[in-house]
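Read the structure below first, then the notes.
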Amino acid sequence: MTNLAGKTALVTGASRGVGHASALAQARDSFAADVISGLSARRKRLAPKYFYDATGSRLFEEICRTDDYYVTRSETALLRNIAAELAAGIPEGAALVEFGSGESGKTRLLLDAAPQLSAYVPIDISADVLDEASARLARDYPQLSIAPVVADFTGHFRLPGAVDGRPRVGFFPGSTIGNLDRDGAVLFLWSARQVLGAQAALLVGVDLVKDEATLSAAYDDSHGVTARFNKNLLMRINRELGGDFDPEAFDHLALWNAAHSRMEIHLVSLKDQLVNAAGHTFAFRSGERLHTENSHKFTVDMFTRLAAEAGWSVSNIWISDAPQVALFRLEPALGEAFRRVPTGGTRPESSEPIGCPQSENSQKIIFRS
Ligand code: AVI
């Protein structure tokens, strides 16, 4: 690939696994299987990862630009302010590995502050978004080796050979960890520790528990972008699985579930209706919900405990101005216990709260806007 300055940028082809076409067919099959089981369940549900086709990814970027959705704004301001401190903890020649990189917007704050980074591995489920983002980064950071990986970062994948032998720093901003259930979050953190290796660090962005009005506005923005994002899931089923959903026959619902410390989003059927998709027919009663996403909110203590379960200890925490979000720097905890593979999965609904707001937190916390 040639960049605008005429230099050869180091972009290795997106690692798409064995056979791109067969990977796409497999993805379609698992989407169909999850739609069939999710819509047949007593409490209808679908995993939030299915939001992110090309349209959903674009709508999510639009959500991030709304005034109501504070998560991106607060985290970006925080990252800007602490970029030099974060960069000071990145070793010479390190590879930055980003889980769920999307457009890699916030990553630039780190790349600019840490010229000692030699490689960047963006991992994302959407090949198109990944290709475009990698091409832009290659143009703007010609010294960086860019090795994109098309993968569901909650599943199994290998890092490309381009990062072999380099120290690794993981980056998981945006509070995406809040979209996993408790077991899924522990499993992800544990897997990240295995993928990144013993000398790694992991920077994780986490949304903090706050007043209900702020949370509700963020997940039901006044421009209706989140509602469109939610309903795009129905349109995606229509496009990809021959469905006949009428998005107008569903309402977007966002609600705070205090017991589970999470915002939930649902699609609510506005009438009794039959819908066809993936070769099956599904009955919706008027008022029946399809649960499409959980977005867990943490206290510092809750997240510290979660990370500890996956073998990480917290070395630093930075907190933004209100509406508050946090950035945790994690380092591998010493000890044998964490070699165990945690059990559990990434169910979109969990019967168990994601953390316990109990004991005193002992980490150093730095408040920054
Ligand atoms: C990607 N993720 C962190 C967002 C969130 O806040 O849970 C997804 C989102 N859903 C609705 N608005 C934003």
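Everything numeric here is computed off the predicted structure, so don't read it as measured data. Counting convention: from 1, in listed order, for ligands and their atoms alike.
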* Sole candidate of His252, Glu62, His223 that passes side chain to side chain contact (heavy atoms under 4.5 Å, CB included) when paired with Arg228 -> Glu62
* To do: Of the side chain and backbone of Asn179, name the one, both, or neither that has a heavy atom under 4.0 Å from an atom of ligand 1.
  => side chain
* ligand 1 versus Met263: contacting region, heavy-atom distance under 4.0 Å -> neither
* **Numbered atoms and elements of ligand 1 in range of Phe60, under 4.0 angstrom, heavy atoms** => 1 (C), 4 (C), 8 (C), 9 (C), 13 (C)
* Pair Arg305 + Asp301, salt bridge at N-O below 4.0 Å -> yes
* Asked: What distance do Ser134 atom OG and Leu144 atom CG have between them, rounded to the nearest 0.5 Å?
  -> 10.5 Å
* Asked: Hey, is Tyr52 one of the residues with a heavy atom under 4.0 angstrom from ligand 1?
  -> yes
* **Heavy-atom nearest neighbour of atom 6 (O) of ligand 1 within options Tyr69, Phe229, Tyr70** => Tyr69
* Asked: Would Arg166 and Glu92 pass as an ion pair if we require N to O under 4.0 Å?
  -> no
* Asked: Taking all non-hydrogen atoms of both residues, which atom of Val209 and which atom of Ser261 are closest, and how far apart?
  -> CG2-OG, 3.5 Å
* Asked: So, does Val71 sit close enough to ligand 1 that a heavy atom of it is under 4.0 Å from the ligand?
  -> no
* ligand 1 contact on Asn230 by region, counting heavy-atom pairs under 4.0 Å -> neither
* Is a salt bridge present between Asp207 and Lys297, judged by a nitrogen-to-oxygen distance below 4.0 Å? -> yes
* To do: Using a strict 4.0 Å cut-off to heavy atoms of Ser175, name the atoms of ligand 1 that fall inside it.
  => 3 (C)
* What do you reckon, does Tyr219 have a nitrogen or oxygen under 3.5 Å from a nitrogen or oxygen of ligand 1? -> yes
* Would you call Arg73 and Glu75 a salt bridge, using N to O less than 4.0 angstrom? -> no
* Among protein heavy atoms, which sits nearest to atom 7 (O) of ligand 1, and what does the distance come to when rounded to 0.1 Å? -> Ser295 OG, 2.7 Å
* Asked: How does Phe51 reach ligand 1, if at all, at less than 4.0 Å between non-hydrogen atoms: by side chain, backbone, both, or neither?
  -> neither
* Please name the pair of heavy atoms, one in Val149 and one in Leu130, separated by the smallest distance, quoted to 0.1 Å. => O-CD2, 3.3 Å
* Quick one: which ligand 1 atoms are inside 4.0 Å of a heavy atom on Thr226? -> 11 (C)
* Touching ligand 1 at all, Gly174? Heavy atoms, strictly under 4.0 Å? -> yes
* Among Leu96, Leu196, Val121, find the one that has a side chain to side chain contact (heavy atoms under 4.5 Å, CB included) with Arg168. => Leu196
* Structure fact -> Note: heavy atom closest to atom 9 (C) of ligand 1, options Glu75, Lys297, Glu293, His296, belongs to Glu293
